Amino acid sequence: MLRTKITLVVVAAAALAIALSALLSYRGVSALVADELERGLRDRADTVVALLDARRTPPPRPGTTEQVLRADGAPEPAPAPLPVSAAARDVARHVSPGSREDVFVGGTEYGVLTRPLPGGGAVMVAQSYEGAARVDEAFLWRITWTTAAAIAGAALLCRLALGHILRPVSRLARATRRITTTQDLSTPLPPAAGDEIGQLTHSFDAMLRALRRSRAQQQRLVQDAGHELRTPLTSVRGSAELLQRARGRLTPEDEEQILTTLVTETVALDDLVRELVELATDRYTGEEPEALDLAAVAEDAAHRCRRRTGRTVTVAVAAAVPAGGRPLRVRARSRALQRCLDNLLSNAVKFSPPDTPVTVHVEGARLSVRDHGPGIPVGEERAVFDRFHRGSGTQGTPGSGLGLAIVHDLVTADGGTVFARAAEGGGAEVGFHLPPHTPDRARGRQAGASDAA
């Protein structure tokens, strides 16, 4: 359909251009024939006047007729082969220097040029337009057929050329229709060339790879979530069934223990569901990145953690002041950054003994949280950011296993990187590095917003 529409447009444009060229050529040739006819008529009139002045008879010429007028305007000999107009009589009386007119004689059109004779009177020279009309008609027919053939050839070439050019688009369209119909994201796309259509194919391929990764992550999240939800649900169900079967026959101590288990597992389920929803849907996508003081954000998070847990949380700042004397700021989303710090501090408090401090270290655009817990085994530095990951020695610690995964997703969404390692002297050091905020980048965003407005 697209090829047909483009072919029609290109053929129409080519036909218009060819027809316009043919029309201009026809008008140019017609004007050239008319000029040649006028030149021949003037040359014949000059020749006839010269010969008559020399008392000689002009030789006959095909398609031309001569007629002499006396000084009173009467033709000789009679009857006259050409009609004598008032303008021709004025030339014969030497009232006018000459005249030019078109007349019909016996159904044939002639161009008549009247010139005065030196001894008095005038001569009328007429030339038939039949030859010029035949040339004009022959040229018109030839250029018509040539134009039609050129348009037909252009249409054929356009269809073949556009078919070759748009063939990759047709293959890409068929592949995308097949993907849309079957929902099979593994369907291969046609080979891509180096032109614009190839770039479009590369873009579609990149989009398909992103969709495949997203679907794989969703499937893995559902599988992992189902596995993690099964444990607390089993505990809740078992406790509820035990209460149902006992029906008041339990001792107060046993009943209190079962109810405590129900409350604990329900809280764990609530936390797990909340973090699953937050991990599956980034609630901070509508928030615009801005320039933030990482040390100030860290101090606020430490204050919240102290108030919530009663633990000792210290913030150590080793902020190098860049050129210009202004503190370095990072470019991030404010609420997302706060959630990252809350998760890191909660994770550190959870794995640290009660009498040990938690330290937040800020240096430029880098932030790390140090605890004194069991640490991170060698080889698991990247795995701690995976969903539902639990390191060796932490299997019995309550938690969803999603806190650091949320930190990873939020930090990487802002263009940052995360890290984790075992700290010297025991414990773990987990943190991130965010891109610094630069005034040039801010001005570029403002300029882009102004252009969009």
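We're numbering straight along the sequence, starting at 1. Computed from a predicted model, the values in this text were never measured in an experiment.
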> Hey, what do you get for CD1 (Ile143) to OG (Ser21), rounding to the nearest 0.5 Å?
Replying inline: 7.0 Å
> Does Arg39 have any salt bridge (Lys or Arg N to Asp or Glu O under 4.0 Å) partners at least two apart in sequence or in another chain, and if so, which?
Replying inline: Glu36
> Under the criterion side-chain contact (heavy atoms from CB on, under 4.5 Å), which of Val358, Val418, Val349, Val407 is the partner of Leu344?
Replying inline: Val407
> CG of Asp300 to SG of Cys305: how many Å apart, nearest 0.5 Å?
Replying inline: 13.0 Å
> Does the pair Leu367 and Val362 meet the rule for a side-chain contact (heavy atoms from CB on, under 4.5 Å), with working shown?
Replying inline: CA-CA 5 Å; Leu367 181 144; Val362 179; 3.8 Å; yes
> Can you list every salt bridge (charged side-chain N to carboxylate O under 4.0 Å, His left out) pair that touches residues 132-148, not counting sequence neighbours?
Replying inline: none
>> Which heavy atom of Pro374 sits nearest to which heavy atom of Phe351, and what is that distance?
In response: CD-O, 3.4 Å
>> For Arg44, give me all partners under salt bridge (Lys or Arg N to Asp or Glu O under 4.0 Å), at least two apart in sequence or on another chain.
In response: Glu66
> Hey, are the side chains of Ser346 and Arg308 touching, using non-hydrogen atoms and a 4.5 Å cut-off?
Replying inline: yes
> Who are the salt bridge (Lys or Arg N to Asp or Glu O under 4.0 Å) partners of Arg209, not counting sequence neighbours?
Replying inline: Asp205
> Are any side-chain N or O atoms of Arg370 and backbone N or O atoms of Ala348, one a donor and one an acceptor, separated by less than 3.5 Å?
Replying inline: no
>> For Glu241, I'd like to know if atom CD has over 12 heavy atoms of other residues, nucleotides or ligands within 6.0 Å.
In response: yes
> Does the Thr260 side chain pair with the main chain of Glu256, one donor and one acceptor, at a distance under 3.5 Å?
Replying inline: yes
> With sequence neighbours left out, which residue pairs that include part of residues 422-438 fulfil the salt bridge (charged side-chain N to carboxylate O under 4.0 Å, His left out) condition?
Replying inline: Arg366-Glu429, Arg421-Glu429
> Just how far is it from atom CZ of Phe419 to atom CZ of Phe432, taken to the nearest 0.5 Å?
Replying inline: 8.5 Å
> What pair of heavy atoms forms the shortest contact from Ala302 to Val313, and how long is it?
Replying inline: CB-CG1, 3.6 Å
> Where do Ser128 and Leu37 come nearest, in terms of heavy atoms and distance?
Replying inline: O-CD1, 4.3 Å
> Is it true that a side-chain atom of Gln183 and a backbone atom of Thr180 form a donor plus acceptor pair closer than 3.5 Å?
Replying inline: yes
> To the nearest 0.5 Å, what is the distance between CZ (Arg311) and CZ (Arg306)?
Replying inline: 12.5 Å
>> Any heavy-atom pair between the side chains of Thr234 and Arg237 that's under 4.5 Å?
In response: no
> Residues in salt bridge (Lys or Arg N to Asp or Glu O under 4.0 Å) with Asp102, at least two apart?
Replying inline: Arg100
> Between the main-chain N or O of His372 and the side-chain N or O of Ser352, is there a donor-acceptor pair closer than 3.5 Å?
Replying inline: yes
>> As a quick check of understanding, evaluate side-chain contact (heavy atoms from CB on, under 4.5 Å) for Val315 and Thr359, giving each step before the final call.
In response: CA-CA 6 Å; Val315 178; Thr359 304; over 6 Å; no
> What heavy-atom pair brings Val236 and Leu262 nearest, and what distance separates the two atoms?
Replying inline: O-CD2, 3.5 Å
>> So which atom in Arg333 and which in Asp414 form the shortest heavy-atom distance, rounded to 0.1 Å?
In response: NE-OD1, 3.1 Å
>> Rounded to the nearest 0.5 Å, what separates atom CG in Leu434 from atom CG in Leu294?
In response: 6.5 Å
> Would you say the side-chain atoms of His433 pair up with the backbone N or O of Gly416, donor to acceptor, closer than 3.5 Å?
Replying inline: no
>> Can you tell me how far apart NE2 (His408) and CG (Asn343) are? Round to the nearest 0.5 Å.
In response: 14.0 Å
> Is there a donor-acceptor pair closer than 3.5 Å between any side-chain N or O of Glu299 and the backbone N or O of Val297?
Replying inline: no
> Between Val430 and Val384, does a side-chain contact (heavy atoms from CB on, under 4.5 Å) hold up when you go through it step by step?
Replying inline: CA-CA 10 Å; Val430 184; Val384 296; 5.7 Å; no
> Between Ala420 and Ile376, what is the shortest heavy-atom contact and its length?
Replying inline: CB-CD1, 3.7 Å
